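Below is one structure, written out as structure tokens; comments come after it.
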Amino acid sequence: MKTLFPFITALILLSGCSASHIQKTETHVLEAAGKTANYPEMTQDHQGNIIAWWVETNPETGEEMVYFSRSPLPELSFKESRPIPTSRDANVGAGHIPELVIKPNGTYVLVFARLNKASDARFAGNVFYTQSFDQGKTWTKAKPIPDDPNPDNSHSFPDAILLPDGEVGAVWLDGRHHTVHSEIYFAKTEGKKGFGPDKKIGGPGCQCCKLDLYVDENQNVHLVYRSLTENNIRDIKHIISADNGQSFSAPTLVSDDNWQIGACPHNGPSVTKTDDGLYVVWYTQGGDEGLYYAVSDDNGQTFTPRQKLTEQGNHAYLVTLGESVMVIWDEIYRDENKFYNRVKMSLISKGEVVESRYLSPKGVEAMLPFLLELENGNIMAIWVQQNEEGNELRFQKFGGRE
């Protein structure tokens with residue numbers, strides 16, 4: 001296993017402690033990924049293995065396809081990768097990131113977007129899924145999730161998650177109603193048959209900001225998204241389901257930023273929960289530009305006034321680390337007269353930021369970070385980093401328990 005630069009200081013929170021502890025760890029190269037690897041994410045399978053997936057670009061055709069690699073948790077050695085041929089021609093970029101979910105019975109379900117190049121309509125596309133019943137060796141034919149036969153309509157920016165009942169739930173931005181905004185639709189799998197009927201659960205939504213699903217310890221399904229209301233106000237809203245997606249609450253406003261913009265920010269929110277409450281992180285230019293967070297102690301009905309995390313940030317994710325919350329994002333970094341992206345993290349404890357630091361080194365372009373909360377309470381971080389030969393996927397583990 002290659003290492004990036006030894007002895008990077010990582011922040012951990014030991015179980016049962018309220019103070020942060022500094023530990024020296026390493027970041028690693030995900031060896032199985034190719035030089036065009038992009039948009040990485042991770043999950044944990046039914047056997048405790050870490051599954052990483054990403055998108056690679058065919059240099060001759062420009063075609064995008066999803067690849068994945070499996071590693072036992074103690075080893076963290078991703079030496080072999082497999083393509084998912086049925087994901088060929090995936091639409092990626094901005095918030096179009098494929099989502100791989102693994103059921104308790106070992107079924108792999110990949111959800112991804114694909115443009116409809118046969119249509120002349122702008123943004124025509126659909127959300128597809130493909131399944132594997134043999135741990136990724138073979139895959140079913142890709143099928144659309146939305147119940148909409150019109151090939152000119154837009155269905156995009158999907159997210160997917162394992163529901164408490166063992167099925168997979170998927171959400172996406174839906175344009176079938178031809179309004180100035182998107183609606184938010186939901187569908188869930190029905191065993192090996194795949195996804196069942198879809199339904200509208202939220203909106204109006206911003207047309208191109210990522211959605212984020214989260215399941216808490218009480219089996220509630222949370223969704224945060226950027227709304228789009230009158231006069232182009234694009235603030236963050238939250239909805240919740242207590243019955244495996246059968247029904248969802250009315251949306252509540254996370255923060256009254258009153259951000260008015262006649263364009264899409266391509267910058268969606270993220271959500272997690274600790275004993276303190278439900279945390280949401282998001283970017284806005286409403287009132288004062290920055291990446292903010294807020295907390296709810298009533299399961300998302302109301303939120304505390306927002307607190308600024310940093311001046312600017314993209315691709316923000318947050319997960320629970322013990323009694324605290326870890327946030328990761330990329331931001332533009334100025335190094336004298338040079339500008340490039342760096343990956344940064346913060347630890348929030350009891351509603352306050354207790355530590356912030358860069359995970360990627362100076363002088364190196366790094367972006368598109370993602371966080372995974374492991375079953376043992378640790379965290380995996382993964383991001384894209386560039387070198388002279390192309391892209392590399394870098395990952396690092398945080399936490400004090402094995």
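Note that the numbering runs from 1 along the sequence shown for the chain. The structure displayed is predicted, hence computed values, not measured ones.
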#### Entry: salt bridge (Lys or Arg N to Asp or Glu O under 4.0 Å) partners of D216, counting only residues at least two apart
K273

When you check the side-chain N and O atoms of [X] and [Y], is any donor under 3.5 Å from an acceptor?
X: Q386; Y: Y340; answer: no
X: N232; Y: W259; answer: no
X: S182; Y: D174; answer: no
X: T57; Y: T36; answer: no
X: R70; Y: Q47; answer: no
X: T252; Y: Q301; answer: no
X: N105; Y: H46; answer: no
X: S241; Y: D243; answer: yes
X: N387; Y: E392; answer: yes
X: E365; Y: N341; answer: yes
X: T272; Y: T320; answer: yes

### Message
Assess the residue pair S132 and K137 against the criterion (side-chain contact (heavy atoms from CB on, under 4.5 Å)); give the C-alpha distance rounded to whole Å, side-chain angles, the decisive distance to 0.1 Å, and a yes or no.
### Response
CA-CA 7 Å; S132 174; K137 296 177 183 178; 5.7 Å; no

Taking [X] for its side chain and [Y] for its backbone only, find out whether a donor-acceptor pair lies under 3.5 Å.
X: W53; Y: P98; value: yes
X: S360; Y: V343; value: yes
X: Q219; Y: A242; value: no
X: T43; Y: I51; value: no
X: D134; Y: T138; value: yes
X: S71; Y: S77; value: yes
X: Y214; Y: N220; value: no
X: D212; Y: V271; value: yes

What distance do [X] atom [atom1] and [Y] atom [atom2] have between them, rounded to the nearest 0.5 Å?
X: T284; Y: D235; atom1: OG1; atom2: CG; answer: 6.0 Å
X: M65; Y: E63; atom1: CE; atom2: CD; answer: 6.5 Å
X: I50; Y: D45; atom1: CD1; atom2: CG; answer: 8.0 Å
X: M367; Y: W383; atom1: CE; atom2: CH2; answer: 13.0 Å
X: W282; Y: K237; atom1: CH2; atom2: NZ; answer: 14.0 Å
X: L372; Y: E375; atom1: CG; atom2: CD; answer: 9.0 Å

### Query
Within 45° of the ring axis of Y292 and under 6.0 Å from its six-membered ring centre, is that where the NZ or CZ of R306 lies?
yes

### Query
Can you check whether F370 and Y39 have ring centres sitting under 6.0 Å from each other?
no

### Message
Please report whether the ring centroid of Y333 lies less than 6.0 Å from that of Y358.
### Response
yes

Salt bridge between [X] and [Y], side-chain N to carboxylate O under 4.0 Å?
X: D152; Y: R176; answer: no
X: D276; Y: K350; answer: yes
X: E167; Y: K103; answer: yes
X: E31; Y: K79; answer: no
X: K117; Y: D89; answer: yes
X: E183; Y: K200; answer: yes
X: K188; Y: D165; answer: yes

Any side-chain heavy-atom pair of [X] and [Y] under 4.5 Å:
X: N391; Y: K35; answer: no
X: H155; Y: N153; answer: yes
X: N126; Y: R114; answer: no
X: I201; Y: L223; answer: yes
X: Y185; Y: P146; answer: no
X: L291; Y: W329; answer: yes
X: R234; Y: S227; answer: no
X: W54; Y: V66; answer: no

Should the heavy atoms of other residues, nucleotides or ligands under 6.0 Å from [atom1] of [X] be counted, would the total exceed 12?
X: K199; atom1: NZ; value: yes
X: E80; atom1: CD; value: no
X: I332; atom1: CD1; value: no
X: K308; atom1: NZ; value: yes

### Message
Under the criterion salt bridge (Lys or Arg N to Asp or Glu O under 4.0 Å), I'd like the reasoning laid out for D159 against K210: C-alpha separation, chi angles, the key distance, then a yes or no.
### Response
CA-CA 8 Å; D159 192 28; K210 79 173 179 72; over 6 Å; no

### Task
Take V364 and K362 through the test side-chain contact (heavy atoms from CB on, under 4.5 Å) and record every step on the way to the result.
CA-CA 6 Å; V364 177; K362 290 181 65 175; over 6 Å; no

### Query
Step by step, would you call N299 with I240 a side-chain contact (heavy atoms from CB on, under 4.5 Å)?
CA-CA 8 Å; N299 225 17; I240 184 173; 3.3 Å; yes

### Message
Show every ring pair (Phe, Tyr, Trp, His ring centres under 6.0 Å) that has at least one partner inside residues 221-251, sequence neighbours left out.
### Response
F186-F248, H222-H238

### Task
Walk me through it: do F128 and T86 pass the test side-chain contact (heavy atoms from CB on, under 4.5 Å)?
CA-CA 10 Å; F128 288 82; T86 48; over 6 Å; no

